[in-house]
Every structure is written in structure tokens, then in C-alpha cells.
Amino acid sequence: MLFDRDILIKHIRNIFQLKYVFGITAILITIFISKYVAEGNIKYAFLPVFLFFFLIILIEPLLGLIFSIPLVLYFSYLDVLWISPWNYLIIFLATIVILALFLKGKIKINKYSRRIWVISVLFLFWAIIISLIQGVEFVRVTTYSLKLISVFLVGFCTMFFIKNEKQLRIFSYSLIAFMSISAFVGVMQFSGIDFFWKLREFLGVKPNSVVGQQILQRSRVPGLAYFSIPFGYQLTSVVPLIFGILSVEKRWFLKNIKLSVALGLCFLALWTALSKSAIIGGIVGLLVVRFLASEPKRRKGKVISLAVALSLLILILNTLTNSLIWENFSKPTSSTLSRIPLFLAAFKIFLNNPFGVGVGQFNKYGAEFFPELSHFSGAYYILTTSAHNQFLNILVYFGIFGLLLLILFYYHIFKGLFRLYRQIDNLFVKGITIGLIGSFTAYIINSMFHNAGPFMIDPFNWYFIGMAMFLFNSCSKFRILKKYEPAKS
């Protein structure tokens, strides 16, 4: 060989310190942005703001990761040059990861994180292969693949840029803070304050869409999310996380007033979002957290007392909201009843196509079974939407192998988290771990009646997956009670 790779990298590291690499990257970004300025796509006045913002991120990438949270929560439905704003930021952060890996030459990944990534990559390849085999349009396959890669990058950047407990605390608190802002807006919308509805309209809505009609008619509370369904997903994930952080402390409602207020605000917003599965998921998530955070001898009493407290709270909220939400539970709508024909159609499609029909093909293949299912209320949804269950969606689109990969994905997440829960003796980390278990539980319950999921393009969920993988990789940094496998290079 003419040169030794390790020696070459060592010399590059000595000659080009990270700040110089960042400077070169900033110049390339400047050229890239200048191209769009010249074309008139970006106004000149915003150019210094863009440059300053990207330079700050180059110095401290964690700030960029934190800033991506409101872009995902508030602006994920907007397109800037064909893709959502958070995609640009995540791609930029991923570029920094690549540069850092080139300089460092390695990354420590625990076996659980490694398995999660292997499963994710296998799923991506299988989704592409089966979709192309089933004749799905190349553009649709490409679009789905790129979107799936983009949410993978959210999880990878979260795992990579959180380095220690302090940064985990900063990131998780920032996520909770941004979610609490949206929750506050949602509560104000439910209260009928027109300014907060106007605020959501100002952020962008197509009046001729179903979502636009919900917002313009003030029928479903969206907070600052696209509409009420993703709002419910976000809240049902965050509520158990907050409770997990609080639950490991004694008299948590007095010691951490801010988090306690955030918990109350997010739970109230969850109640007003009118998403039954999200509310049920959130309540189950809270009970799971209470169970895991309690001493073994007191678990039963603690869970029962929390269940009683939540029941009383729900009765009070039901009274204050004039039974509007309770009516939503007690009087199923056609949308609720449509789950029956949708689920039946999904199973019938699977039985005819056990290896999947390819991404976005539910309506095409479901139309075959519409005549025999048309007597069900809401059966027309078979022709216009998907299965409204993330597991059935994966089963229909990508077959039994895709479903197996999804189940293994969740299996390794829960197995890793439960192992950490049993062995970690760091209070904050234990609280985050318990909170994540509750969050994933709530998310899965909600996703049994809706379409989102880790492989169904939900970037917000990948922040939680990224935090879990950070915990797996960093287990040796925290004080532990028992032997735990250290992260391997």
C-alpha cells in the first residue's frame, strides 16, 4: 500500500481541526444557499440569518437537533422546495455526523441499538423490493424510501448528538417545553379563544382539505400540529415521559413545579384533542409508569390510587367540558365504526397477498372487497384511506416479513429499556427509561387505531427511539447495580 489509512486520518485530524472542517462546510452551505438566492427562491434579507444559524449549529450541533423539534411539531406539513423544513436541518446534522465519524473513525453502538438499526435497514430494503415487484410507481417508492431514511436520520442524530446525562436532560426538557407550548395553544383553542385558532391558520392550512375544514370550523383541536390526530400522537407520547421523569422523585409535584405544570397542561390538551385511542393510550402509559416507578410491595396500591385519581379527574373534566368529550366516547361516529371494515379488508388483502402489495396500495386492493363489506358503517373509507392500524398497514403493504421486522423492532426497544430499568441506579436516567417504556406503550395503543408508526414516517416518534438508543449506548456512563454489557465499537 502507498499509505496507511490510520496514519492518513491522523494527519488529516492534526491538519484540519474540527472547526476548520466546520468552516469549509459553512462555505459550501453558503454557495448552496446563494444558488437559491440567485434564483429568487430565498430572499436576500434572510441570507445572513441562514448563515448565522448554520454556523451556530456547526459549533454546537445539539442546538440544531433541539431546534428541529419545533420544526417537526409545528411545521412538518409545510413544504419548502418540495420537502419539509425539518428535513433540511436533519440532513445538515447528518452531514456533520459523517464528518465527525470520518475524523474519529468509529462510533460506539450497543447490541440493542445495533439490532434496531439492522432491522430498520432490512425493512427499508424489503419495502423497496416488494413495492417494485408489485408494480408500485417508481416515484412513489422513491418518495417513501427517502421519507423513511429522513426519519431514520432523526433517530440517528438524536442518538449521536446526545453525549451525556446533562445533554439528555437538556434535550428531553426542550422536547417537553416545545410540546407544552402546542398543548397550551390546544387548550386555548378548546376554550374557544379565536386568537389561537387564527394562530394555527396563520401557520398554514388548505381551506379545501378535510383538515382545513376541521380547523376553519373549529371542530377538532390541533394545537400547533397539522391537525388533531398527530397532536394526539405527540401528546400521548410526551405525557408518560414527563410522568416518568417526575415519578422517581418523592413529592415530585412540589420539587419540580415546571414539569408538574407541563404534565397537567399536556394531559388536559390530550383530553381536549378528541382522540379516543390517544387518551386511552396516554392513561395506560401513565399506569405503566406508576407501576414501574413504585416499590414492588406497593405497586398494586399505587396503580389503583392513580387509576382512581385519573377517574376523578376525568369526571371533573367531563363536567367542565359539558360532556362534549364523553359524548365522543359514548356515541361512536362513522369514522370510529369504519375500523371494523378497514381491519377486515386488511386481513383479506393479506390472505391474498401474504408477502405484501407494496406501499400505498391499500385502496387499490381493498376495492375488491368493498362490495361484501359495504353493509358496515364507514365502509367507504376502504376506498379512500388505509387500514388505520400501523401493524395492519405494515402487514398489507410489506407482508408477513415486514410485520415480523416491526415486531422485532419493538421487541429490542422494550427488551433494552427493561434491562436498563432493572439495572440503572441513576435517578434521572431511570426516570427517562421508565417514561420511555410508558411512551412506547401509549404510542402502540394509539397506533392500533391510526396510521402512524416508526416505519410509517413519523419523525417525532424517532426522537424517542433515538433517546432509547443513546441510553443503550451509554449504559457504562451511568452507575449501575448489576453487570451490564458495555457498548462495543
Side-chain angles (χ1 to χ4, degrees), residues 70 72-74 76-77 175-194 196-197 199-201 203 205 209-243 261-286 310 313-333 335-336 339 388 390 438-439 441-453 458 460-461 464:
V72 168
L73 287 175
Y74 311 155
S76 61
Y77 52 88
L175 187 148
I176 292 168
F178 286 122
M179 189 67 247
S180 298
I181 293 172
S182 186
F184 174 76
V185 172
V187 173
M188 294 299 101
Q189 289 168 342
F190 187 81
S191 301
I193 301 177
D194 195 60
F196 294 96
W197 285 102
L199 179 63
R200 176 58 188 79
E201 291 175 32
L203 294 178
V205 58
S209 66
V210 174
V211 172
Q213 289 300 310
Q214 288 182 356
I215 294 173
L216 294 175
Q217 295 173 9
R218 313 296 198 248
S219 59
R220 295 291 294 268
V221 169
L224 291 175
Y226 181 34
F227 63 110
S228 60
I229 301 303
F231 189 47
Y233 264 108
Q234 295 159 5
L235 289 166
T236 200
S237 300
V238 168
V239 165
L241 179 68
I242 303 173
F243 192 49
V261 171
L263 176 62
L265 190 60
C266 288
F267 184 82
L268 182 58
L270 177 63
W271 181 251
T272 63
L274 295 178
S275 176
K276 295 181 282 293
S277 56
I279 293 171
I280 293 171
I283 291 173
V284 173
L286 289 174
L310 288 174
L313 178 60
I314 289 171
L315 287 174
I316 294 171
L317 291 175
N318 182 53
T319 303
L320 294 176
T321 55
N322 297 320
S323 302
L324 176 63
I325 300 173
W326 185 252
E327 288 180 7
N328 187 47
F329 273 92
S330 59
K331 298 179 180 179
T333 62
S335 176
T336 302
R339 269 47 173 189
H388 276 67
Q390 75 152 323
S439 294
T441 302
Y443 188 92
I444 289 173
I445 291 173
N446 189 30
S447 72
M448 298 294 284
F449 302 94
H450 291 287
N451 293 315
D458 183 2
F460 188 67
N461 185 232
F464 294 78

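Once rounded to the nearest 0.5 Å, the distance linking CD1 of I280 with CG of L270 reads 10.5 Å. To the nearest 0.5 Å, atoms CE (M179) and CG (L73) are separated by 5.5 Å. Taken to the nearest 0.5 Å, the CG atom of L241 stands 7.0 Å off from the CG atom of L175. Between the CD1 atom in I229 and the CG atom in N446 there is a gap of 7.5 Å [rounded to 0.5 Å]. Residue N461 holds its CG atom at 6.0 Å from OG of S237, rounded to the nearest 0.5 Å. Between atom CD1 of residue I279 and atom OG1 of residue T272 there is a gap of 8.0 Å, rounded to the nearest 0.5 Å.
For the pair T236 (side chain) and G282 (backbone), a donor-acceptor distance under 3.5 Å is present. Here the side chain of Q189 pairs no donor or acceptor atom with the backbone of V221 at under 3.5 angstrom. The backbone N or O of L224 lies less than 3.5 Å from a partner atom in the side chain of S182, making a donor-acceptor pair. A donor-acceptor pair under 3.5 Å is formed between the side chain of N451 and the backbone N or O of H388. A side-chain donor-acceptor contact under 3.5 Å links R339 to the backbone of F449.
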Applying side-chain contact (heavy atoms from CB on, under 4.5 Å) to Y74 and F178, what does each step give before you reach the verdict? CA-CA 9 Å; Y74 311 155; F178 286 122; 3.7 Å; yes
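Residue Q390 comes nearest to A452 through the heavy atom pair CB-O, 3.3 Å, listed as atom of the first residue, atom of the second, then distance. Pairing each heavy atom of F464 with each of S439, the nearest pair is CE2-OG, 4.0 Å. Among all heavy-atom pairs drawn from A273 and F231, the shortest one is CB-CD2, 4.0 Å. For the pair G281 and A442, the tightest heavy-atom approach, listed with the atom from each and the gap, is O-CB, 3.0 Å.
Side chains of T441 and P240 form no contact here, defined as non-hydrogen atoms less than 4.5 Å apart. Using a 4.5 Å heavy-atom threshold, the side chains of Y443 and D458 count as touching. Using a 4.5 Å cut-off on side-chain heavy atoms (C-beta onward), L310 and F267 make contact. In this structure, C266 and S180 have side chains that are in contact, with non-hydrogen atoms separated by less than 4.5 Å. Looking at F460 and V238, their side chains come closer than 4.5 Å, going by heavy atoms from C-beta outward.
Aromatic rings of F184 and F196 (six-membered ring for Trp) have centroids within the 6.0 Å cut-off, being under it.
Using a 30° and 60° split on the angle between ring planes, H450 and Y233 fall in the perpendicular class, above 60°.
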